[in-house]
Amino acid sequence: MKANAKKKIIQSISPLLITIGIVYGDIGTSPMYVMKSIIAENGGLLHINRHLILGSLSLIIWTLILLTTIKYVFIAMKADNNGEGGIFSLYSLLKSYAKWLLWPAMIGGAALLADGVLTPAVTITTAVEGLQSIPMIQPLLSNTTTLVVAGCIISILFFVQKFGTSSLGKVFGPLMLVWFFLLGIIGLIYIFKDISVLQALNPLLGIQVLFSPCNKAGFMILGCVFLATTGAEALYSDMGHVGKVNIYKTWPFVKLCLVLNYLGQGAWLLCMKNPSPFIGIEDMNPFFEMLPPQFRMYMVIFGTIAAIIASQALITGAFSIVSEAIRLDLLPHLHIVIHQLRKGNCIFLK
């Protein structure tokens, strides 16, 4: 009886781990560059203040709520096509009512493929650049070296695609679970250092900062804020790979860890009494700088691994989009061999 109970527990947890590893890689690495971009757009540390920090955090949190939780989890995932997600699956459901919807569907599919081209390069490069926050490595890391390392990592990532979604998910799932735990714990530690950062949960602060003179980027700050939702479309497009039930179960945990980390970065910035030590740092990143020096190296390594997994999420989504476009005669027909491995509510492609 105990063996059967243990087996059932493993069978129920395994699909959730694989879902975390396959779906949330991209959105899970957003904390590495969102606040960094907002600070850079406003002229650096010397030009930010409490109002800007809290307002920016409010925009990030409510963007996650509106665009990811409500748009994708509560609305889009209800519109599945026999368990399949993605914009072309949605078009398949609606084409009998309005054939002109093909054009916005094609634009949306192209946007996801463009994101799939951009994300691996940007995310992995950002993670490798985190090595610049380590004094002993900083002199050795030039722009050329960073590009070479990032290029090698991306090449290896595409090489291992032949092992299939299930195999990759088994490896990536536990790693991403630890990553999200680290995001949440680190954020929580700094929240306790300045509990007033929780004021950012007020959506009015986000609206006010859009019109505030302290926000030198104006409405363009939303370009940085929307980086927090990169990869959110994977919740819908990868639904056919992992099943909507597993996404429903795992998203609350992922979202909580992301929000805690963003709030923790904000609390670290609020607690900063003297920003001068960080002024001379090129591409100053609060995500890495707020870490204790003795742990920074390990977090950079883990961040690079998470960035690789983030790229995997976009590759999986791109595969779904291309295969759906082929079935709709929007792309040249290619011979695709798919081996399905069914486990619980998941169908893994190999």
Side-chain angles (χ1 to χ4, degrees), residues 27-69 126 129-130 132-133 180 182-230 255-293 296 299 303:
I27 197 169
T29 54
S30 296
M32 288 197 295
Y33 47 78
V34 174
M35 287 303 295
K36 169 189 170 183
S37 300
I38 291 174
I39 292 171
E41 284 294 316
N42 278 277
L45 286 176
L46 291 177
H47 298 89
I48 63 173
N49 56 30
R50 180 181 184 86
H51 181 59
L52 177 65
I53 294 169
L54 293 178
S56 300
L57 289 173
S58 178
L59 288 173
I60 292 169
I61 293 168
W62 284 97
T63 298
L64 281 173
I65 292 173
L66 295 175
L67 288 188
T68 307
T69 304
T126 301
E129 284 176 346
Q132 293 179 353
S133 63
F180 283 116
L182 288 174
L183 290 182
I185 291 170
I186 292 169
L188 200 59
I189 290 172
Y190 281 96
I191 290 172
F192 282 122
K193 292 185 178 182
D194 192 339
I195 202 73
S196 68
V197 75
L198 294 178
Q199 295 175 24
L201 297 174
N202 181 358
L204 293 178
L205 292 179
I207 297 173
Q208 290 172 2
V209 82
L210 290 175
F211 303 95
S212 174
C214 70
N215 172 25
K216 295 177 175 54
F219 276 86
M220 296 302 293
I221 195 175
L222 293 176
C224 302
V225 171
F226 287 148
L227 290 174
T229 62
T230 54
K255 178 184 172 183
L256 175 63
C257 294
L258 290 173
V259 170
L260 287 175
N261 192 265
Y262 285 122
L263 290 172
Q265 291 186 50
W268 179 77
L269 290 168
L270 292 176
C271 292
M272 187 184 299
K273 304 299 182 184
N274 180 23
S276 57
F278 302 97
I279 301 300
I281 299 177
E282 186 178 358
D283 294 327
M284 197 288 296
N285 192 335
F287 178 84
F288 291 112
E289 295 297 338
M290 73 177 184
L291 299 170
R296 198 170 294 159
M299 201 62 180

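- Under the side chain to side chain contact (heavy atoms under 4.5 Å, CB included) criterion, Leu256 pairs with Leu260, not counting sequence neighbours.
- Within the 3.5 Å criterion, the main-chain N or O of Ala267 finds no donor-acceptor partner in the side chain of Asp194.
- Considering every non-hydrogen atom in both Pro286 and Leu269, the closest pair reads CB-CD2, 4.4 Å.
- Residue Ile221 holds its CD1 atom at 5.5 Å from CG of Leu52, rounded to the nearest 0.5 Å.
- Shortest non-hydrogen contact noted between Asn285 and Met32 is ND2-O, 2.5 Å.
- Between the CG atom of Leu205 and the CD1 atom of Ile61 there is a distance of 10.0 Å, given to the nearest 0.5 Å.
- In terms of the side chain to side chain contact (heavy atoms under 4.5 Å, CB included) criterion, residue partners of Leu227 (sequence neighbours excluded) are, by chain and number, Tyr33, Val34, Ser37, Thr230.
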Side chains of residues 38-46: which donor-acceptor pairs under 3.5 Å do they make with residues two or more places apart or in other chains?
{"from": "Asn42", "atom 1": "OD1", "to": "Lys216", "atom 2": "N", "distance (Å)": "2.8"}
{"from": "Asn42", "atom 1": "ND2", "to": "Ile38", "atom 2": "O", "distance (Å)": "3.0"}

(message) If you apply the rule side chain to side chain contact (heavy atoms under 4.5 Å, CB included), what do you find for Gln265 with Ile53, and how did you get there?
(response) CA-CA 9 Å; Gln265 291 186 50; Ile53 294 169; over 6 Å; no
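- With rounding to the nearest 0.5 angstrom, the CG atom of Asn215 is 8.5 Å from the CG atom of Leu59.
- Within the structure, the side-chain hydrogen bond (donor to acceptor under 3.5 Å, both in side chains) test picks out the following pairs touching residues 45-56 (sequence neighbours left out): Arg50-Ser196.
- Ser212 places no side-chain N or O within 3.5 Å of a backbone atom of Gln208 that could act as its donor or acceptor partner.
- Closest non-hydrogen pair, Gly206 versus Ser58, comes out as N-OG, 3.3 Å.
- For the residue pair Ala228 and Ile27, the shortest heavy atom distance occurs at O-CG1, 3.4 Å.
- Within the structure, ring-ring contact (aromatic ring centres under 6.0 Å, His included) contacts touching residues 194-227 (residues at least two apart or in different chains) are Phe211-Phe219.
- Atom CD1 in Ile191 sits 13.5 Å away from atom OH in Tyr262 (nearest 0.5 Å).
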Query raised in the report: When you look at Phe180 and Asn261, which way does the side chain to side chain contact (heavy atoms under 4.5 Å, CB included) test go after all the steps?
Result: CA-CA 9 Å; Phe180 283 116; Asn261 192 265; over 6 Å; no
Test Ile60 against Met35 for side chain to side chain contact (heavy atoms under 4.5 Å, CB included), laying out the working first. CA-CA 9 Å; Ile60 292 169; Met35 287 303 295; 3.8 Å; yes
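- The CG atom of Leu66 sits 7.0 Å away from atom OG1 of Thr63, with the distance rounded to the nearest 0.5 Å.
- Checked by atom type and distance alone, the side chain of Trp62 pairs as donor or acceptor with a backbone atom of Leu201 at under 3.5 Å.
- Residues Thr69 and Lys255 have side chains that bring a donor and an acceptor to within less than 3.5 angstrom of each other.
- Distance check, rounded to the nearest 0.5 Å: CG of Leu67 to OG1 of Thr229 gives 5.5 Å.
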Show your working on side chain to side chain contact (heavy atoms under 4.5 Å, CB included) between Trp268 and Lys193 and close with a plain yes or no. CA-CA 8 Å; Trp268 179 77; Lys193 292 185 178 182; over 6 Å; no
Residues 183-190 side chain polar contacts: donor-acceptor under 3.5 Å, at least two apart:
{"from": "Tyr190", "atom 1": "OH", "to": "Met290", "atom 2": "O", "distance (Å)": "2.2"}

